[in-house]
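Before any comments, here is the structure.
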Amino acid sequence: MPIKNKSKDMIQTILVIAGSDPCGGAGIQADLKTITTIGGYCAAVITCITVQNSYGVTNINALSPELIKKQIFAVFQDHNVTHVKIGMVGDITNSEAIAQSLDTFEGTIVYDPVMNATTGQQLFRQEQETHRPDKLINRVSVLTPNIPELETLTNKKVTSKTEALSASRLLLSEFANLQSILLKGGHADDMKDITDYFVFKYKGKIEIESATHPRILSKNSHGTGCTLASAFSTYHTIYNDNLLAFHHSIKYMSSLIKLGSEQLIVRNPSGCGPLLHYKWKEI
Ligand code: PLP
């Protein structure tokens with residue numbers, strides 16, 4: 001796959017590689033809205049068609065690895081891709097096809113290792129014992145797991161800040177090319193505040209940056225994982241700096257959750273509605 005060098009004269013394209021959510025709350029639809037509202041250009045390669053709403057996920061149809069690779073090639077052939085954000089890949093085969101397609105890409109790759117939907121269904125098909133997309137993880141710069149995803153990836157229980165940070169260190173030491181982990185703290189038990197972490201390799205050591213913010217209670221939080229990883233990627237195109245991208249993307253998330261928290265969006269009385277990206281403003 002010939003990946004073109006960055007071109008100074010062309011605008012930057014963020015390529016999103018992810019699954020489709022027909023209700024528009026998560027997946028590629030959330031990525032497109034996030035990147036557009038922050039002010040970036042987003043190209044979108046679809047890996048899986050899902051059938052889902054707030055009642056649950058009823059179907060997942062993964063596209064073939066060949067079709068995914070052809071889509072990626074078409075974007076790279078024509079666009080100045082500087083950042084790639086990966087979400088739901090569907091299975092190991094697709095994760096490896098994506099890793100292969102990005103083999104010679106020199107820009108920033110952010111991977112949200114989507115495993116399960118909030119409604120419980122598995123979004124990453126685990127084939128026998130090979131339950132991790134290892135080749136893809138070792139190809140990316142930034143991994144953005146939530147706590148349950150961190151538990152799956154390390155096969156360890158994470159019940160405290162200390163365990164979360166040591167699991168992150170473990171992943172960073174296991175994957176030599178992985179540079180940093182943006183760990184989403186929303187699933188931790190603290191009901192008052194959320195702390196997110198950016199754990200990164202720096203001069204042979206592991207450094208930790210954190211951001212603590214009040215937990216906003218909202219029924220409309222579907223797609224927050226996809227949105228945060230896309231926001232990080234977009235702010236990274238703007239600032240070219242991991243820590244600025246980390247803090248700005250968390251501010252974006254917090255304000256979006258607040259702005260949509262009171263809205264009635266889905267009919268399902270106990271369903272989790274989506275974020276309303278179009279309402280975004282700095283608050
Ligand atoms: N569906 C798709 C296509 C996704 O990419 C994701 C991403 O996390 C989800 C569903 C899960 O969203 P949530 O965890 O908010 O249910």
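For ligands, and for the atoms within them, numbers begin at 1 and follow the listed sequence.
Salt-bridge formation is not detected for the pair Lys157/Glu163: no Lys NZ or Arg NE/NH1/NH2 atom is positioned less than 4.0 Å from an Asp or Glu carboxylate oxygen.
For Leu123, every heavy-atom contact with ligand 1 shorter than 4.0 Å involves the side chain, none the backbone.
Considering Thr234, Val81, Ile238, Thr82 as possible partners of Gln12, the one that fulfils the side-chain contact (heavy atoms from CB on, under 4.5 Å) test is Thr82.
Across the listed options Leu228, Ile46, Thr118, Thr118 owns the non-hydrogen atom lying nearest to atom 13 (P) of ligand 1. Between Gly25, Ala26, Ser20, Gly56, it is Ala26 that holds the heavy atom closest to atom 6 (C) of ligand 1. The heavy atom nearest to atom 10 (C) of ligand 1, out of those in Gln52, Gln29, Met115, Gln121, is found in Gln52.
Every atom of ligand 1 with a heavy atom of Val114 under 4.0 Å away is listed here by number and element: 7 (C), 8 (O). Residue Cys226 has at least one heavy-atom neighbour below 4.0 Å for each of these atoms of ligand 1: 5 (O), 6 (C), 7 (C), 8 (O). Close approach of ligand 1 to Met88 (heavy-atom distance below 4.0 Å) involves ligand atoms 3 (C), 5 (O).
Connection of Tyr197 to Tyr111 is established within a shared hydrophobic cluster, with ILVMFWY side chains joined at heavy-atom distances below 4.5 Å, either directly or through further cluster members.
The aromatic rings of Tyr41 and His79 lie parallel to each other, with less than 30° between the two planes, well short of the 60° mark.
Annotation: Asp112 places no N or O atom under 3.5 Å from an N or O atom of ligand 1; distance criterion only. Considering backbone and side-chain atoms together, Gly223 places an N or O closer than 3.5 Å to an N or O of ligand 1.
A distance-only check finds no donor-acceptor pair linking the side chain of Thr13 to the backbone of Leu15 [under 3.5 Å].
Closest protein heavy atom to atom 4 (C) of ligand 1: Gly27 N, 3.7 Å.
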Compile the donor-acceptor pairs under 3.5 Å between side chains in residues 202-214 and protein atoms, sequence neighbours left out, one pair per line.
{"from": "Glu209", "atom 1": "OE2", "to": "His247", "atom 2": "NE2", "distance (Å)": "2.6"}
{"from": "Thr212", "atom 1": "OG1", "to": "Thr195", "atom 2": "OG1", "distance (Å)": "2.9"}
{"from": "His213", "atom 1": "NE2", "to": "Asp196", "atom 2": "OD2", "distance (Å)": "2.6"}

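Taking both residues in full, the closest heavy atoms of Pro269 and Tyr55 are given as CD-OH, 4.3 Å, listed atom of the first, atom of the second, then distance.
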